[in-house]
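Right, one structure below, let's go through it.
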2 protein chains.
Amino acid sequence: MRRHDPGRRDRIVEVTLELIAEVGVAGLSHRGIARRADVPLGSMTYHFDGMDDLLRTAFTRFAERFSASYAAHFAEVGAREEAVSAIVALIRELSADAGMRDNIVAYELYTLAARDPAYREITGRWMAVSRSELERWFAGDVARQLDALIEGFALHGALDVAPLEIGVVESAVRRLVGA
Amino acid sequence: MRRHDPGRRDRIVEVTLELIAEVGVAGLSHRGIARRADVPLGSMTYHFDGMDDLLRTAFTRFAERFSASYAAHFAEVGAREEAVSAIVALIRELSADAGMRDNIVAYELYTLAARDPAYREITGRWMAVSRSELERWFAGDVARQLDALIEGFALHGALDVAPLEIGVVESAVRRLVGA
DNA sequence: CGCGGTTATGTACGATCGTACGCATGAGAG
DNA sequence: CTCTCATGCGTACGATCGTACATAACCGCG
């Protein structure tokens with residue numbers, strides 16, 4: 001029996017995110033998470049008040065991490081023209097196969113948020129962050145438009161069978177920013 | 001015992017879509033669907049080869065229906081300027097509370113599509129239809145850009161806490177179509 | 001060193017699940 | 001009307017689930 005195990009709670013959250021990407025919220029189980037996290041089953045209900053509590057915690061962490069990576073992506077961007085390139089590059093990354101794992105988790109979150117206002121708080125904060133990031137270079141309205149465009153292209157790039165041409169993306173971004 | 005019950009298969013599919021909107025794919029069960037559809041449990045595995053087969057059938061129907069309503073929305077649109085208004089109106093409807101039910105089902109589908117290529121076929125066909133509808137007024141590239149913008153605005157309108165201003169939507173559409 | 005209280009865990013319970021399969025049923029042929 | 005066989009259904013099985021709770025392990029205080 002292992003008593004001293006700091007960060008056990010963290011590990012549970014981390015494994016939950018991994019499993020969401022693999023089997024979805026629908027395929028989760030306390031037992032499956034506990035097994036993968038190498039944690040006794042009893043720990044699940046000890047650290048979290050049921051599955052919903054765990055899910056909210058996990059998705060909150062996911063959103064925070066995603067917001068941070070969003071900020072990092074734009075961290076070294078100086079001029080406005082660089083911002084345009086950064087947006088195009090971001091869309092390419094999001095719609096690429098490598099970014100699919102995060103997309104999966106994000107859509108699972110969207111699904112929950114569409115039904116439950118509690119999760120909409122998470123998505124709301126997330127979107128506020130990405131918008132305020134864009135507002136470093138663009139007016140509020142334009143930032144909102146760009147944010148929607150990024151989301152739309154990322155989704156269609158990931159879920160459409162027709163491949164996304166980067167030139168089409170770039171011209172859309174340029175039209176919105178008015179250049 | 002009811003033997004003569006044509007359309008039983010259809011009713012199962014319909015109830016499945018209802019329940020997806022209410023409890024999500026995660027909350028589905030053969031028993032729950034059978035109860036609601038007033039159908040014996042045995043019918044479930046008789047008409048469908050397990051849950052996955054049922055889900056694919058249900059989401060295919062959903063996508064076809066949605067495509068049809070998409071086409072109906074643009075059916076009586078004549079000139080290009082009318083198309084712009086129709087797009088703006090569409091975004092407003094999609095992000096309104098009344099449209100949330102369909103959004104929920106759509107996001108459940110996206111979630112599956114992100115993980116499973118079999119469902120990506122459904123989303124792919126769906127997106128192809130909406131794009132070709134837009135191509136009645138706009139060039140292929142612009143249609144693609146508009147399609148992404150519509151999706152992005154609908155999603156952010158539904159999942160963001162900040163309300164969507166219709167003026168911002170309209171100006172984005174106009175910028176993309178170059179007017 | 002002993003001991004009380006907190007922290008954490010193993011286990012057992014009742015419910016629910018998907019699925020398989022033997023059998024009832026009723027329509028259509030004769 | 002009777003027989004037959006494909007169609008459709010009830011039921012039972014094994015597995016898995018979330019959760020509660022008694023109890024074991026540890027830590028710090030006296």
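All chains are named by letter (A, B, ...) in the order of the sequence lines, taking the proteins before the strands, and each is independently numbered beginning at 1. Because the structure is predicted, anything quoted here is derived from the model rather than measured. Below, all heavy atoms of this structure are taken into account, side chains as well, without hydrogens, waters or symmetry copies.
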For the pair [X] (side chain) and [Y] (backbone), establish whether a donor and an acceptor sit closer than 3.5 Å, ignoring hydrogens and angles.
| X | Y | answer |
| --- | --- | --- |
| Thr123(B) | Leu159(A) | yes |
| Arg9(B) | His47(B) | yes |
| Trp137(A) | Glu82(A) | no |
| Ser29(B) | Gly32(B) | yes |

Please list each protein N or O that sits under 3.5 Å from an N or O in nucleotides 16-18 of chain D, with the distance.
{"from": "dC17(D)", "atom 1": "OP1", "to": "Ser29(A)", "atom 2": "OG", "distance (Å)": "3.3"}
{"from": "dG18(D)", "atom 1": "OP1", "to": "His30(A)", "atom 2": "N", "distance (Å)": "3.3"}
{"from": "dG18(D)", "atom 1": "OP2", "to": "His30(A)", "atom 2": "N", "distance (Å)": "3.0"}
{"from": "dG18(D)", "atom 1": "N7", "to": "Arg31(A)", "atom 2": "NH1", "distance (Å)": "2.5"}
{"from": "dG18(D)", "atom 1": "O6", "to": "Arg31(A)", "atom 2": "NH2", "distance (Å)": "3.0"}

Decide if atom CD of Glu121(B) counts as having more than 12 heavy atoms of other residues, nucleotides or ligands within a radius under 6.0 Å. no
When you measure from the side-chain N and O atoms of Ser43(A) to the phosphate of dA8(C), is any distance below 4.0 Å, counting only OP1 and OP2? no
Would you tell me if any nitrogen or oxygen in the side chain of Arg8(B) comes within less than 4.0 Å of OP1 or OP2 on dC9(D)?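 Yes.
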Any ion pair linking Arg174(B) and Glu81(B) (charged N to carboxylate O, less than 4.0 Å)?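 Result for this pair is yes, salt bridge flagged.
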Tyr46(B) OH to dC9(D) P: how many Å, rounded? 8 Å
Given atom CZ of Phe48(A) and atom P of dT7(C), what is their separation to the nearest angstrom?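 Distance check: Phe48(A) CZ to dT7(C) P gives 17 Å.
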